[in-house]
Each structure stands twice: as structure tokens, then as C-alpha cells.
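Values below: every heavy atom of this structure, side chains too, minus hydrogens, waters and symmetry copies.
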Amino acid sequence: MKVKVSAPGKLMIMGEHAVVYNHPCLVTAVDKRLYVEAEILTQLKDEIITPQVKESRFVLEAIAYFKQRYNIKKHVKIATNGDFSHQVGLGSSSAVTVATFKALSLLFNLDLSEKEIFDMSYHVNLLIQGVGSGFDIAAATYGQTIYFLTGGKTIDILPVKELPLVVGYSGIKADTPYYIRKVAEDFKNKEREMKKIFSTIHQLVDRAKETFLADNLEEAGTLMTENHKLLQQLGVSTIRLDAMVLASIKAGAWGAKLSGAGGGDCMIALVSKEKRKDVEKAIIDVGGEIINIQVNADGVRVEK
Ligand code: PMV
């Protein structure tokens, strides 16, 4: 038997960094997917085919953990394929981990819930990276747009009607663990100041959740821009990201911010249909690259 599954990448909408410190964030799943094909082998060892070395570590650990947990002795072949490269920071590692667990559960007839897949994937993620809130794993597992609390303590799927985003890539691959550790270092030295920033971000995320649900995008945009200013204060933005955010707002976006750990990767701008082209052009003019992405995508699923 052969199975094929896929899991989506993600975009952080609001709440990055604060979500590592027990505050909520908003994340959406994107239509760039990671595919996993799996089968049981008769040979004596597992076979793993991943185009990117980074992904193979996640596949290897996922297989090892799954086999140990369910006392499985058989060997498997796992081959991955992706719509997106891990360069742009859309979460290929979390997608590959979630897709691997889903594929293995199908191969061995285990009816795992989404929460079980989330928990196992988060375990593997922490094993390899040591840090992280798990927001990306929630997006890969459940899809849609999610209000997420650290470690999956809350995973609320939000019936958000519209999330018209322009996504601009800064041209630089961000080193997420580096930035998480940098913020942690600062936290030791400036705990009071940092706690204040995080709780303000928390309030913005809670307000944004309501405004997105009410389809009040203009207000949601303002909250996103406020969030960006706090990320600047955390010291995780870059000159390029700031320029792309500013250019978007000048070109008529409702709001804009960096998305993710900072230091590179992508920024997002919330835009009306009328302003989309202007905002895209403004981002390109300051050196960004537009990535065409649909949000609110399906979570992990079986492919034909
Ligand atoms: O760089 P990204 O897109 O993986 O986002 C990281 C977001 C953080 O809040 C900084 C870390 C985390 O795991 O939540």
C-alpha cells in the first residue's frame, strides 16, 4: 500500500515572539503545500528521499518517534516533495513533520486525532529545534486561520471571511532559532520592559481576532501596524522589512508588519482590492519580492 498526504505552510498574522511567552497569536495556513508519499518496505531499513536536507531530520525523528510509540518494527519509505522552498520561511519543516505522522498513521491503520498529530509533531519539533511555540504545527495540522496559544493550549479555528494579504519576501532567509534566543537573552536583562511589550502584543492579538471576525479589515490593519512597531522595539525587524512595511502603508495598505521571527523572510500587508497592485509595486520598488499566496488553506489531508 502507498499513501500520499500533504500539509500546508503558514504565515504568522500577529503575535510572533509573544506567543513563545504564553501569549496568543494569529496564524493562517497557506496554499503552498508539502507532500509526503509513504509505503511499508520489506527491506531491512527505512528509505528517506527528501530534496532538502533540513527536512530529512524531521522525517527521521518523526519515524523514530512513531515506531517507538506504537511499537512498530517494519520499515518504511518516505519521499517528500514541496510547492515551496524552505528559503522563504513558510514552514516546510513543520509541514513535513505533520505530513509524515499523518502518512504513517494511515500506513499502520491508526486513527489519530488532529490533536495527537499536533502533539507528536510538536514533540519532534522541540527535539530538533529546542524552541518554538508550535503555531506553525497547528497551521499544518488544522489549516484555516487559528487563534493559537503556546504549545497548543488553545487552538481555535476562526471563521474569518476575508484575509486579503500581499506577501513580500525580503530576500533574506531568517534564522528563526537565532532570533528566538536573542529575544530570550534580552528577556533576561530587561524583563519588565519585555513583559510589557508582550502583554501589549497580547491585547492587540485579542482585538485583531475580534476585528477579523467582524470583517473590519481597516481596523485590523491598524492593529497589525501597531504590532510591527512593537516588533521593532523588540529589535527583530530589519531595514529592508521596515522599508517594505512603510512603503505598503504609504501605497494605501490598511496595515503591514513583518511576519515570523524577523531578521528576514516575509512581511505581510492587509489590502483592499483597489490598492493591491499599488502595494505590490511599492514593495518591489524597495527591493522586495511578491509571493503569490492564498490563505485559509486546508490542514493536513490525504491526496489522491
Ligand atoms: O520565523 P517563523 O515564521 O517560523 O516564525 C517564528 C515565530 C516565533 O514566535 C518567533 C517563534 C514561534 O515558534 O512561535
Side-chain angles (χ1 to χ4, degrees), residues 10-19 23-28 30 89 135 145-148 158 160-170 172 174 179 183 193-194 196-291 293 295-296:
K10 55 81 183 112
L11 265 180
M12 178 66 96
I13 305 296
M14 284 176 68
E16 47 273 267
H17 288 293
V19 68
H23 296 287
C25 75
L26 294 174
V27 55
T28 192
V30 299
F135 80 106
T145 298
I146 301 171
Y147 177 86
F148 177 86
L158 304 179
V160 166
K161 281 194 212 92
E162 263 206 293
L163 205 54
L165 293 175
V166 168
V167 182
Y169 179 57
S170 66
I172 300 152
Y179 276 90
V183 170
E193 198 182 312
M194 302 279 281
K196 204 162 153 229
I197 295 178
F198 290 150
S199 69
T200 313
I201 293 177
H202 186 145
Q203 287 163 15
L204 290 176
V205 169
D206 282 353
R207 280 170 61 198
K209 173 185 163 188
E210 298 308 322
T211 51
F212 276 118
L213 286 174
D215 218 13
N216 182 354
L217 299 183
E218 205 172 328
E219 172 74 10
T222 309
L223 298 169
M224 283 169 61
T225 307
E226 285 300 312
N227 192 167
H228 182 73
K229 288 181 191 152
L230 293 163
L231 290 165
Q232 285 177 314
Q233 283 181 32
L234 284 182
V236 298
S237 193
T238 64
I239 292 171
R240 172 70 61 85
L241 285 168
D242 285 346
M244 291 161 78
V245 165
L246 194 66
S248 305
I249 294 165
K250 275 195 180 151
W254 284 313
K257 61 182 281 295
L258 70 83
S259 168
D265 283 346
C266 294
M267 53 70 68
I268 51 177
L270 195 67
V271 295
S272 63
K273 249 196 220 108
E274 295 72 37
K275 295 287 179 189
R276 176 172 288 273
K277 283 275 163 270
D278 293 348
V279 171
E280 287 180 352
K281 184 176 178 306
I283 291 173
I284 294 166
D285 285 348
V286 294
E289 182 191 322
I290 301 301
I291 305 182
I293 277 179
V295 298
N296 258 333

Distance in Å, I290 CD1 paired with C266 SG, rounded so as to fall on 0.5 Å steps | 9.5 Å
Flag the pair R207 and E210 as a salt bridge only when some basic side-chain nitrogen lies within less than 4.0 angstrom of an acidic carboxylate oxygen.
-> no
Output, in order, the C-alpha distance, side-chain angles, deciding distance and verdict of side-chain contact (heavy atoms from CB on, under 4.5 Å) for V236 and E16.
-> CA-CA 10 Å; V236 298; E16 47 273 267; over 6 Å; no
Side chain of K10, backbone of G89: donor and acceptor closer than 3.5 Å?
-> yes
Go through the steps to decide whether T222 and W254 satisfy the test side-chain contact (heavy atoms from CB on, under 4.5 Å), and finish with yes or no.
-> CA-CA 6 Å; T222 309; W254 284 313; over 6 Å; no
Between the main-chain N or O of V205 and the side-chain N or O of N227, is there a donor-acceptor pair closer than 3.5 Å?
-> no
Minimum side-chain heavy-atom gap I268-K257 below 4.5 Å = yes
Closest heavy-atom pair and its distance - A251, K275 | O-CD, 3.6 Å
In terms of heavy-atom contacts, V279 and A253 come closest through CG2-N, 3.8 Å
Are side-chain heavy atoms of L163 and I13 found at a separation under 4.5 Å?
-> yes
Given side chains that start at C-beta, do those of L26 and L158 come closer than 4.5 Å, heavy atoms only?
-> yes
Please say which of K229, Q232, M267 ends up in a side chain to side chain contact (heavy atoms under 4.5 Å, CB included) with S237.
-> Q232
Supply the atom-to-atom distance L270 CG to I249 CD1, rounded to the nearest 0.5 angstrom.
-> 11.0 Å
Starting at NE2 of H17, measure out to CG of L231 and round the result to the nearest 0.5 Å.
-> 6.5 Å
Report the distance from atom OG1 of T145 to atom CD of E162, rounding to the nearest 0.5 Å.
-> 11.5 Å
Beyond-backbone contact of Y147 with D206, side-chain heavy atoms, under 4.5 angstrom | yes
Do side-chain atoms of T225 reach the backbone of A256 as a donor and acceptor pair under 3.5 angstrom?
-> yes
According to the interplanar angle, ranging from 0 to 90°, do the rings of F198 and H23 count as parallel (below 30°), tilted (30 to 60°) or perpendicular (above 60°)?
-> tilted
To the nearest 0.5 Å, what is the distance between CZ (F212) and CG (L217)?
-> 6.5 Å
Ionic contact status for K277 with E280, cut-off 4.0 Å | yes
Decide yes or no for E226 and T200: does some side-chain heavy atom of the first lie under 4.5 Å from some side-chain heavy atom of the second?
-> no
Starting at CE of M14, measure out to CG of L230 and round the result to the nearest 0.5 Å.
-> 9.0 Å
Taking side chain as C-beta onward, heavy atoms only, is I283 less than 4.5 Å from S248?
-> yes
Is there a side-chain contact between K273 and P164 (heavy atoms, below 4.5 Å)?
-> no
Is there a side-chain contact between T238 and I172, using heavy atoms and a 4.5 Å cut-off?
-> no
